[in-house]
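Step one of this worksheet: look at the structure below.
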There are 2 protein chains.
Amino acid sequence: MIGLTQRDQTVLEAIITDYIETGEPVGSRTISKRGVMNVSPATIRNVMADLEEMGLLHQPHTSAGRIPTVKGLRLYLDSIMRSRQLVGSEKDRIRDALQNRPQDIAQLLRGTSRLLSQYCRQAGVVLWPKQSIASFKHIEFLRLGPFDIMVILISKDGLIHQTHIESRDEISQGELDKHSLYINELLQNVPFSRVKQRIREEMESEKALFDRLFSMALQMANHAIQYAIEDSEIYIEGKTNLLDNPEFAHVEQMRRILQAFEDKSKMIRLLDETLKASTGIQIVLGAEGELLGEWQDMSLVSAPFRRGDTPLGVLGVIGPLRMDYSRIIPIVEFTAQFLSQMLDIADEA
Amino acid sequence: MIGLTQRDQTVLEAIITDYIETGEPVGSRTISKRGVMNVSPATIRNVMADLEEMGLLHQPHTSAGRIPTVKGLRLYLDSIMRSRQLVGSEKDRIRDALQNRPQDIAQLLRGTSRLLSQYCRQAGVVLWPKQSIASFKHIEFLRLGPFDIMVILISKDGLIHQTHIESRDEISQGELDKHSLYINELLQNVPFSRVKQRIREEMESEKALFDRLFSMALQMANHAIQYAIEDSEIYIEGKTNLLDNPEFAHVEQMRRILQAFEDKSKMIRLLDETLKASTGIQIVLGAEGELLGEWQDMSLVSAPFRRGDTPLGVLGVIGPLRMDYSRIIPIVEFTAQFLSQMLDIADEA
DNA sequence: TGGTAGCACTCACCCCAAAAGAGTGCTAGA
DNA sequence: TCTAGCACTCTTTTGGGGTGAGTGCTACCA
């Protein structure tokens, strides 16, 4: 963005601020009257024409005001806007809401998502990829039918995952119980990151080589765990908040948006990207990212949370392009930070 | 409903059928032209006037056609309508959809809910109260903090429940493991209906009276199980289908409906009622039941499913008052029946 | 007495034209 | 380089007339 004078920036900022507030195209008169700079509407019009030429603004029709383009918003976010700091009471509110839900990780994450949605009046979202589960805690095999086995996997931080596998040979519950006893002992407190390796080692041990049962148990565990930790948990709360936004006042759009949410896998993929690139706060504006068709007019503010240095997951807020970023960004930032803290504590215990 | 002649019934039926199809007020001309009875519009108008006086029809404004009232719909459902039988291929479709999801109970129930929603093009719902869980299978205590304990409870049919309790004394994971070992042995395969009694017996045994640890374990288990089985699981799928109905085309209504869904407890209470009164298919029309404010213009078609003779849960379809009952009723009925069968099989295994 | 035909009447809805309002671009002047 | 003024454009609102669906009523017929 070369050649943006101070005045250009001020005008752009004023337009975006106003647009975020009202959702309507904003005209030169409005800006002039706002008094952030003492120039006449005509002058502002000139600046606006320049900004439009640069692709930062857009005019829905000849005699309407301007609205920012995605490019304009991006520029604003990157180099003009400065987020407001949260005051103590706001931080307290977040802290309270999270600390009062100590039940288990799943509830903590869902609670976080709900908190974000309520506080930002948009949809809140939390992604928790299973790989990040701390350590193996317990496995349980359950016989559903002669060949059908359900595997229940519990991680040390209390998340539960269940899978379903088929064994090649008929198998009794008694045998399964032996399997789980064996595996539980073997993997007690092993971090998931090392589970696979540990199983491989064991498979090559003498015991496994000569004991068909044990070898089978290992295979089943391997299978189930692999499947389990590839999965992700995603918590999306407060979707109906989005309906309050006038930009989604039309039934068509509303449906489009809500239907897009039904397919969680797309959402997961998107957030996963964010997690990989995780360098603090991230903002994806509709038309930019891999947010496809349905999401054109949405935007996502997200931040990773971590335990120590390893990122665990992502949380964020989804709403229309026109969001109060200066407020939402610090909220997302602080929530991520605080959730990280809480997970640290949970781990120590 | 005294004094409904055959002709009155025919007219009422014709009006309702047409209204269900089009969603518009229906006029005398339309009915006359439909040819179900060879009378002139004028005659039909007289009948309509009678029906309106009885409170079975309603006229939005002077020069509009009639739409059925809730009272009219109720009468129609109770004594005029006869549901169409499902043909073989329709039954097959339901069977296939359910049999291809053998994973676990939770998935089966969610799948059922989704099936109902897709097949009826409305929202599908399945309620599974925890009391109905077959038998105790496994319990696991997990130490989260010095006094915080997470309890994971697995039932024989593979549903998982987790609760969180606080112990009065500090407790180690080792002790907890002993507890779970003990409880697991004690309650192996005991039906939940008898778990409480079994625990009480054990508490009075010598072993528990003199062993503080064991007594504590029993108390914890009792606590957790009590809490767990009071809970209900509810699966609501396909909410966005409702948005296709022209009666919810207005944003206000749409939001009202969707927000009503966010509070699941109300839904659970309602379905619970249905379960208690469970004598086959049940239909609750908006203004009749305890469906409060938000649900005025909705209706629920539900049926219990059972294992053997004991009802396990309820499934159904939620949609606008104007639904194709003659189609939806047999679908709900058959699905409930077939789900019952599947659960029988699952239990035998 | 029950059914039918005719007719005047009532609304909701659509369409169109006119007016209002918001905002622009351009030009001339300080 | 900024400002004031003005003509112009385009959307939105408003109001009125026409249209059509549907009714209620009355008179008439089998």
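Throughout, a chain's letter reflects where its sequence line sits, starting with A, and its residues are numbered from 1.
Checked against B:S299 for a side chain to side chain contact (heavy atoms under 4.5 Å, CB included), the options B:V284, B:V70, B:L321, B:L73 give a single hit: B:L321.
Under 3.5 Å, the side chains of B:S326 and B:R84 contain no donor-acceptor pair of N or O atoms.
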Requested in this report: Indicate for each nucleotide in nucleotides 5-27 of chain C, in 5' to 3' sequence, whether protein heavy atoms under 4.0 Å reach the base (B), only the sugar-phosphate (S), or nothing (-).
Outcome: BB---BBS---------BSBBB-
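No donor-acceptor pair under 3.5 Å is formed between the side chain of A:S32 and the backbone N or O of A:S28. A donor-acceptor contact shorter than 3.5 Å is absent between the side chain of A:Q9 and the backbone of A:Q6. A donor-acceptor distance shorter than 3.5 angstrom exists from the side chain of B:Q59 to the backbone of B:A64, with no hydrogens or angles considered.
Rounded to whole Å, atom C1' of D:dT11 lies 15 Å from atom CD1 of A:I67. The CZ atom of A:R7 sits 12 Å away from the C1' atom of D:dT3 (whole-angstrom rounding). Residue B:I44 contributes atom CD1, which lies 16 Å from atom C1' of D:dA21 at whole-angstrom precision.
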